[in-house]
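Down below is the structure, laid out as structure tokens.
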Amino acid sequence: MNTDFETSCSIGLPDEAHRSSVSIGAKPRVAVFSLTGCEGCSLAILELEDQLLDVLGAIEIVNFREAISERSWDIDIGFVDGAVSTPDDVEEVKRFREACGTLVAIGACACLGGINTLKNHQPEDSYRRYVYGDRAKWFDTQEAKPISAFVKVDYELPGCPMVKEEFLRLVKCLLVGRPFRLPEYAVCVECKKRGNPCLYEKGIVCLGPITRAGCDAICPSFGSRCEACRGILSAEALRAAGLNLQERYDIPLEKVLSELRFYGAYQEETIS
Amino acid sequence: MQHPPVNSKPRSLGRVLCAIFFGHPQVIVLVPLSIGILVHAIVRLTHEEPTHGFTPAELVRCAGVLTALTMFAGLSIFYLVIVIMGILQKSGNGNSVTATRSTTEGLRLDCIITRKFLLERIAELGKSRTLIGPVARSDSHGHAPQHFYEVVKRPDEIALDFGYCVYGPKGVLLPARETLLQFDRVDGQFKARACIDDRPTAIVGVHPCDLHAIETLDVVFRDGPSDTHYLTRRENTFIVGIDCARPCTDGVFCGDIGTNLAAGGFDVMLYPLFDVVDASALRGFKCVGPESNGRCLGAMFGTEAGRRWFEGGPKEDFYIPEGKDIEIFDAYLDQKREAFPQEIEADWKDVPRILGRSYDSLLWKATSNRCYSCGSCNLVCPTCYCFDIQDENDLPVESGRRERTWDGCMLREFASVAGGHNFRDASANRLRHRILRKGAWIQQQTGHHGCVGCGRCDRACTAQISIKQIMNQLAEEARHAGN
């Protein structure tokens, strides 16, 4: 890539973290790893389809269990999906951090703990027996947490699965040396920009007002309520939900909390 | 240019007296004169002194007669003036045959047409322009359909009798997302190309509130740094307004603001004269009775292009009102005036002053506790024009686009600046900022309405925070404070 171009079109200061790790001019070496999760976010990269060849023209994939046999540990950018849910995961995620110049958490599990954190609200015996049956004692497990609870994460791409267009946007920002930021507004903004009717007007309680945007309001656009898979936007929005949903929509607070826990159990504890 | 509100608000005695005094200065002279003579006589009477050969009792009688005469003369002149003014006004209207002047400034009926004529004209318009109009959209959940502005292929897809559109026509002129320019690097040179959308478009079916909102947008994007993207789209957009005989839904307050009637901002304005509250009062009018032959839509031309559009239609369905038909428009407007209840508990003219004094009200914090800061109120508002601009690279990254999207002052990061400071970090400050802009500041800056009373923000707020309620609460606070 021509550096002249970079200076002429990039806006804002490049982030130091990736400036140091991604050498301008060479194709960045990219790895995709998985911890505890369904690996759907890894697959989302392959689902880029129309843009996949362009992506492969700009980056070099060197370690990706879902896609290639190569297992290189010389990595510029590492994408990790899945939550940290076992002692093995803890070791793995530390290894990823050491190997990758830039570490990106992809998907609700890696960014928020995701649905894995549902087990944090149940007795350990019961979920271990439910998952592993009579062999429960063979498997070590621990409270599920996002990877940021163990290692420094440079970027997060939340969502279940992650939004592949957002992945593409991050890759382009890293290539050009522009800062990347997640939207700091609610799903409602994108829902309104798409001209959707509001689900609340149909008597459907949607978590769009408290959820971070970036998904282009895909669920409400197809008539399904938002389930906050991209995480709770702010303490302010969470407080408003507490005040509104019970009082104005007659939904008991326990139900609101259990809905938020579907993806945001860990966040619920950490959000101020 | 502001249009006076149509609604006649109940007036207090003080305001009536003020109107009499300031409207008829002779009263100021006559009334004190009479009172003066009377007081003089009473003073004389109590002192029991003969004056110029008259006894006090004679003087009182004399003064009484004089007073009565003066007051009589004063009142006579007062009524005479009113009668003469009324006659002058009537004769002014009578001269016009093709246009009836209504009691509302700037409105007239240029022609009466049939629905068939209108559909034919819309079809004609569709040959050269992309047609956009209110379309009823249903969902799979079996809820009542809602209306949205959408591109249509056939004129009969347009639901002209719609209540309200969930979103205003703003998105046609200022799309939620648009590309401003494309950039590329060709032969080592950086090249940028502006993306201007000049496709001819027609919006058919815009209610008066939204016409007022478009006028506000026009001023914002025209004056100061003019916005080529908006203005080009606006120049190429033909607008057909349609009046509403009654409020489109509960709680709208366009009647208070006066934005329930529009005298401009359209190429043609349609009036659903058939949609009158009391049709029996209109017996004998050619345009609504059985003899109307379906002529039931009134129209007013806003531009020459609008006039030309109608002149090309079939003559048999186009009718220039004459005789008694001229009065139907006034009857329509009278009935319309009755149909819009007062929703804001203050005169709209006083709202900027009330808001100006509300800066330290406790209401902002108390109300904004419930606010999600989701920005829905901004995004559905027909006059909210704020936007954000971001560059987006392609892959390979040498080329890309500069994109503009809607933004909103209720969003947390709206007032964030370089260095991380946020001028309106607390949601109470953002709520206050928005309401003051809607109710006062936009009007002060542009001379046009910042709020048109369409009620979209109130309907869009899932926390049920209502601009109308806020204004009413602040008006009440102002009354308590004695302002």
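Protein chains get the first letters and strands the later ones, always in sequence-line order, with residue 1 at the start of each.
- Between A/Y200 and A/Y249, the two ring planes are perpendicular [angle over 60°; tilted spans 30° to 60°].
- Interface residue B/L411: only side-chain heavy atoms are found under 4.5 Å from chain A.
- Put simply, of A/G203, A/C188, A/P209, the one with the most heavy-atom pairs under 4.5 Å next to chain B is A/P209.
- In this structure, no portion of B/N378 lies under 4.5 Å from any heavy atom of chain A.
- Ranked by heavy-atom pairs under 4.5 Å with chain B, the first of A/R248, A/E201, A/E184 is A/R248.
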Decide side-chain hydrogen bond (donor to acceptor under 3.5 Å, both in side chains) for B/K365 and B/S427; before the verdict, give the C-alpha distance in whole Å, the side-chain angles of both, and the deciding distance to 0.1 Å. CA-CA 8 Å; B/K365 180 84 184 72; B/S427 68; over 6 Å; no

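- Using a cutoff of 4.0 Å between basic side-chain nitrogens and carboxylate oxygens, B/R401 and B/D394 are scored as salt-bridged.
- Of all the listed residues (A/E247, A/R181, A/R194), the one sharing the greatest number of non-hydrogen pairs under 4.5 Å with chain B is A/R181.
- A perpendicular orientation is assigned to the rings of A/Y155 and A/F180, their planes being inclined by more than 60° (bins at 30° and 60°).
- With a 4.5 angstrom heavy-atom cutoff, A/C206 does not touch chain B via any of its atoms.
- Using a 4.5 Å cut-off between heavy atoms, A/V205 does not touch chain B at all.
- In this structure, the ring of B/H207 has its center less than 6.0 angstrom from the ring center of B/F162.
- For chain A, the nearby parts of B/Q464 are the backbone and the side chain; heavy atoms of each come within less than 4.5 Å.
- Salt bridge status for B/E403 with B/R177: absent, with no side-chain N to carboxylate O gap under 4.0 Å.
- Contacts of A/A241 with chain B are made by both backbone and side-chain atoms, with heavy-atom separations under 4.5 Å.
- If you tally non-hydrogen atom pairs under 4.5 Å between each of A/A213, A/G195, A/A58 and chain B, the highest count goes to A/G195.
- B/R185 forms no cation-pi arrangement with B/F190, by the criterion of a distance under 6.0 Å to the ring centre and an angle within 45° of the ring axis.
- Ranked by heavy-atom pairs under 4.5 Å with chain B, the list A/I204, A/L168, A/V171, A/N196 is led by A/N196.
- In this structure, chain A has a heavy atom under 4.5 Å from the side chain of B/S373, while its backbone stays farther away.
- Under the 6.0 Å distance and 45° angle rule, A/K164 does not count as a cation-pi partner of A/F79.
- Cation-pi geometry between B/R459 and B/Y164 is met: under 6.0 angstrom from the ring centre, within 45 degrees of the axis.
- For A/A186, the part lying near chain B is the side chain, with the backbone staying farther off; criterion is any non-hydrogen pair under 4.5 Å.
- Across A/V55, A/L245, A/N244, A/V187, the residue that shares the most heavy-atom pairs under 4.5 angstrom with chain B is A/N244.
- In this structure, chain A has heavy atoms under 4.5 Å from both the backbone and the side chain of B/R370.
- Between B/R233 and B/E178, the closest heavy-atom pair is NH2-OE1, 2.7 Å.
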